There are 2 protein chains.
Amino acid sequence: MQADDIDDTVKRIAGHRGVLGVIIAARDGMPIKTTMDNTSTVLYVGTAIALFERSQSLVRDVDPSNALQFMRIRTAKYELMVSVEEEYIVVAVQNTKFTE
Amino acid sequence: MQADDIDDTVKRIAGHRGVLGVIIAARDGMPIKTTMDNTSTVLYVGTAIALFERSQSLVRDVDPSNALQFMRIRTAKYELMVSVEEEYIVVAVQNTKFTE
């Protein structure tokens, strides 16, 4: 993803109703672009990567030829969307009042 | 959930486009109602419960007062929706060609 694409992606997702924050990070968790403060950024990226990796390993346990692409979890306090691409992880945090 | 509610829930979810199967199980994984064969039912309920429990513990690690309510994961081969209520777990398996 080029720098412009990263900005466009963040702007596009951040524009959705109820989105509290958008983070694009490298696959190791190093934030590249964020709309959140540092503490929240580190917290949500860490949670997203841990969630994704635990679920990925489980999906692969069942079928090694399968791969996890996207996760959406709703908790009592927020909704988290996690999408993993080749080199990046995209995390969006949404207010549960605005979700489907 | 009464027996009628269980049947209605299964019929309602099974009616959505691309839904491959719907399973309602007790929280320990014992299937109560399923539209799938036994092997698939056991496989998807097991995967759903393991996913949910791993993610729940992670959400609670971050914030003990929070709780996981719903999960949607998209893999290369299927999409899995997992909703946990008081005594039941509801699992829907969807063909990825029909998802958002």
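Proteins get letters first, then strands, A, B, ... in listed order; numbering begins at 1 in each. Nothing here was measured: the structure is a model prediction, and the numbers come from that model.
- B:F70 and A:V82 fall into different hydrophobic clusters, where Ile, Leu, Val, Met, Phe, Trp and Tyr residues are linked whenever their side-chain heavy atoms come under 4.5 Å apart, directly or through other members.
- Here the closest heavy-atom approach between residue A:D63 and residue B:K77 is recorded as OD2-NZ, 2.8 Å.
- Under a hydrophobic-cluster definition in which Ile, Leu, Val, Met, Phe, Trp and Tyr are linked whenever side-chain heavy atoms come within less than 4.5 Å, directly or via other members, A:Y44 and B:I73 are assigned to the same cluster.
- No continuous path of hydrophobic side-chain contacts links A:V90 to A:Y78 [ILVMFWY only; heavy atoms under 4.5 Å].
- With respect to chain B, the highest number of heavy-atom pairs below 4.5 Å among A:R54, A:Q56, A:M71 belongs to A:R54.
- For B:L51, the parts lying near chain A are the backbone and the side chain together; criterion is any non-hydrogen pair under 4.5 Å.
- Contacts with chain A were tallied for B:V62, B:T47, B:L58, B:V59; B:L58 has the most, counting heavy-atom pairs under 4.5 Å.
- Rounded to the nearest 0.5 Å, atoms CD (A:Q69) and CD (B:E79) are 9.0 Å apart.
- At a 4.5 Å heavy-atom cutoff, B:S83 makes no contact with chain A through either its backbone or its side chain.
- Under a hydrophobic-cluster definition in which Ile, Leu, Val, Met, Phe, Trp and Tyr are linked whenever side-chain heavy atoms come within less than 4.5 Å, directly or via other members, B:I13 and B:Y88 are assigned to the same cluster.
- Looking at A:L68, the atoms closer than 4.5 Å to chain B (heavy atoms on both sides) sit in the backbone and in the side chain alike.
- No single ILVMFWY cluster, assembled from side-chain heavy atoms under 4.5 Å apart, contains both A:I89 and A:I32.
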